[in-house]
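Notes follow the structure.
Keep in mind that the numbers below use all heavy atoms, side chains included, and drop hydrogens, waters and symmetry copies. Counting from 1, the numbers follow the sequence of the chain as shown.
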Amino acid sequence: MRRNFIYSLLLAGVAMSITTSCSEDDLSSESVIAVDVVERTPFDDWLDVNYVQPFNIVVKYRYEYNESDENYYTVPAQYDQAVEMAHIVKYSCIDAYIETAGMEFTCNYFPKLFYLEGEFHYRNNGTFELGTAEGGRKITLMGVNYIDMFKDNVDDLNTYYLKTIHHEFSHILHQTYEYPSSFQLITPGYLSDKWSNPEFQADHLQRGFITDYSQHSHREDFAEMLSTYLTNTQEKWDEWMDEADGTLEEPAEGRGLIEQKLDIVRNYMQETWNIDIDALRESILRREHHIVDGKVDLSDLSVN
């Protein structure tokens, strides 16, 4: 009984202390929750004029945890490199689609969110991601901090950045309107994650796959077919087709298989989207050479 009485007195004392404290102190009108204040930059103003207002496209270049993939080591994009990347994407990709497919198509279907990361996503099997697309809305573009190493060479620009954008945009298009199911029957032996194994690397052309990654699945094959065609000259494509024929001693059927796929891709783009992929390729490559030749100011943030 005595123990309970003492315990009750202690509780009463605590309650009295709380009541006294609350009555003597006024509540602050200032929130204890701190909200980050983001200072606008000239780049934000440029993005508004060149991305948001005409296309309703948002480019996020500041690091955001919720936009990043927690399964990888990720770092922010550097400011100057993000500026250059935004110029490159606008001039060589968005403007190329406007030129060949029209403003309405580009406004309606080009992804509405670009998230720029500084580093590539490295996997345990020795490969790495260059970019990803999500739900027909968002493209994450990686390795932005290396743009100065690659912006002076068309092949490098395509390998590390621009082909990735066209690849991911291909996914957005076929997720909107599916390509014919006959495409996946041409070379049905897809490998999933085994595509990167050394034994499947050397002869992918002879077996009917335009790149080694095309062997992953029919959806990746479709995206690789279109993006590879758009970012390479006809001369380079013809070289690959000659290689896909094999040799006199060991002839292969690769050319015929790849050409069947290209016919489906070409017809799909023309009939579904009214896009001539040869005209689109010409526009993309011309613009890429303008960038490499220094004809495009990648640092200009004027909005007038």
Side-chain angles (χ1 to χ4, degrees), residues 81 84-97 99-101 106 109-111 114-117 119-123 127-134 138-175 195-196 201 204-205 209-217 219-241 258 261-262 265-266 268-269 275 277-292 296 298:
Q81 279 64 48
E84 292 180 345
M85 182 59 68
H87 277 282
I88 291 171
V89 172
K90 171 68 167 57
Y91 184 77
S92 67
C93 298
I94 296 176
D95 289 351
Y97 279 101
E99 180 181 338
T100 55
T106 308
Y109 295 106
F110 210 77
F114 274 82
Y115 179 59
L116 307 183
E117 286 188 352
E119 187 57 86
F120 298 110
H121 286 185
Y122 295 94
R123 303 188 184 99
T127 65
F128 58 92
E129 285 185 340
L130 300 170
T132 58
E134 297 178 18
K138 170 188 172 184
I139 286 182
T140 298
L141 198 58
M142 303 152 191
V144 171
N145 292 348
Y146 300 104
I147 187 62
D148 284 342
M149 295 173 55
F150 303 126
K151 67 183 181 183
D152 296 329
N153 183 283
V154 168
D155 289 338
D156 286 343
L157 270 180
N158 282 321
T159 298
Y160 292 100
Y161 304 108
L162 301 183
K163 178 176 177 285
T164 298
I165 294 173
H166 298 294
H167 176 108
E168 299 302 341
F169 191 30
S170 301
H171 284 312
I172 289 172
L173 294 180
H174 77 67
Q175 288 166 7
W195 68 270
S196 60
Q201 297 291 301
H204 58 84
L205 285 168
F209 298 97
I210 193 59
T211 66
D212 50 4
Y213 187 52
S214 294
Q215 302 170 101
H216 181 279
S217 62
R219 296 188 182 280
E220 299 305 330
D221 194 2
F222 179 89
E224 283 291 276
M225 282 293 301
L226 181 55
S227 59
T228 302
Y229 188 82
L230 292 177
T231 54
N232 286 277
T233 64
Q234 188 60 44
E235 291 74 18
K236 184 62 178 178
W237 190 269
D238 290 341
E239 288 180 18
W240 285 328
M241 292 307 97
I258 293 173
K261 294 178 184 179
L262 183 60
V265 170
R266 186 188 304 278
Y268 167 82
M269 292 296 290
I275 295 176
I277 61 173
D278 292 300
L280 179 57
R281 175 170 68 172
E282 188 280 327
S283 179
I284 289 169
L285 293 178
R286 167 168 38 86
R287 292 169 178 278
E288 290 178 358
H289 279 285
H290 287 173
I291 292 170
V292 169
V296 182
L298 301 180

Any donor-acceptor N/O pair, [X] side chain to [Y] backbone, under 3.5 Å:
X      : Y      : value
Glu168 : Ile165 : no
Asp221 : Ser217 : no
Arg281 : Thr231 : no

Side chains of [X] and [Y], heavy atoms from C-beta outward: is any pair under 4.5 Å?
X      : Y      : result
Phe222 : Val265 : yes
Glu119 : Met142 : no
Leu205 : Thr211 : no
Trp237 : Ile258 : yes
Val144 : Glu117 : no
Leu162 : Cys93  : yes
Gln215 : Glu220 : no
Leu141 : Tyr115 : no

List for me each residue that meets side chain to side chain contact (heavy atoms under 4.5 Å, CB included) alongside Asp95, sequence neighbours excluded, and say none if there are none.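 Testing Asp95 for side chain to side chain contact (heavy atoms under 4.5 Å, CB included), a comparison that skips the adjacent residues, returns Lys90, Tyr91, Ile98, Arg287.
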Tell me the closest heavy-atom pair linking [X] and [Y], and the distance in Å.
X      : Y      : result
Leu262 : Met225 : N-CE, 3.6 Å
Tyr109 : Ile172 : O-CG2, 3.7 Å
Ser170 : Ser227 : OG-N, 4.5 Å

So how far is it from [X] [atom1] to [Y] [atom2], rounded to the nearest 0.5 Å?
X      : Y      : atom1 : atom2 : answer
Asp278 : Met269 : CG    : CE    : 11.5 Å
Ile291 : Asp152 : CD1   : CG    : 11.0 Å
Phe114 : Ile94  : CZ    : CD1   : 6.0 Å
Thr100 : Leu280 : OG1   : CG    : 4.0 Å
Asp238 : Thr233 : CG    : OG1   : 8.0 Å
His204 : Trp195 : NE2   : CH2   : 10.0 Å

Aromatic ring pairing Tyr213/His216, orientation class (parallel under 30°, perpendicular over 60°, tilted between): tilted
Hey, what's the ring geometry for His166 with Tyr97, parallel, tilted or perpendicular (30° and 60° as the breaks)? tilted
Scan Glu282, Glu288, His289 and name whichever one has a side chain to side chain donor-acceptor pair (under 3.5 Å) with Arg286.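 It is Glu282; the other options fail the test.
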With sequence neighbours excluded, residues passing ring pair (Phe, Tyr, Trp, His ring centres under 6.0 Å) with Phe209: Tyr190
Residues Lys151 and Asp156 bridged, charged N to O under 4.0 Å: no
Go through the steps to decide whether Leu230 and His167 satisfy the test side-chain contact (heavy atoms from CB on, under 4.5 Å), and finish with yes or no. CA-CA 10 Å; Leu230 292 177; His167 176 108; over 6 Å; no
Under the criterion side-chain contact (heavy atoms from CB on, under 4.5 Å), I'd like the reasoning laid out for Phe169 against Leu226: C-alpha separation, chi angles, the key distance, then a yes or no. CA-CA 10 Å; Phe169 191 30; Leu226 181 55; over 6 Å; no
Using only heavy-atom distances, determine whether the side chains of Asp148 and Gln81 contain a donor-acceptor pair under 3.5 Å. yes
Hydrogens and angles aside, do Gln175 and Arg219 bring a side-chain donor and acceptor to less than 3.5 Å of each other?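 No pair is found: no donor N or O on one side chain lies under 3.5 Å from an acceptor on the other.
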Stepwise side-chain contact (heavy atoms from CB on, under 4.5 Å) check, Tyr229 with Ile277: CA-CA 8 Å; Tyr229 188 82; Ile277 61 173; 3.7 Å; yes
Between Tyr146 and Tyr160, does the ring centroid distance fall short of 6.0 Å?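 Not close enough - the centres of the two rings lie 6.0 Å or further apart.
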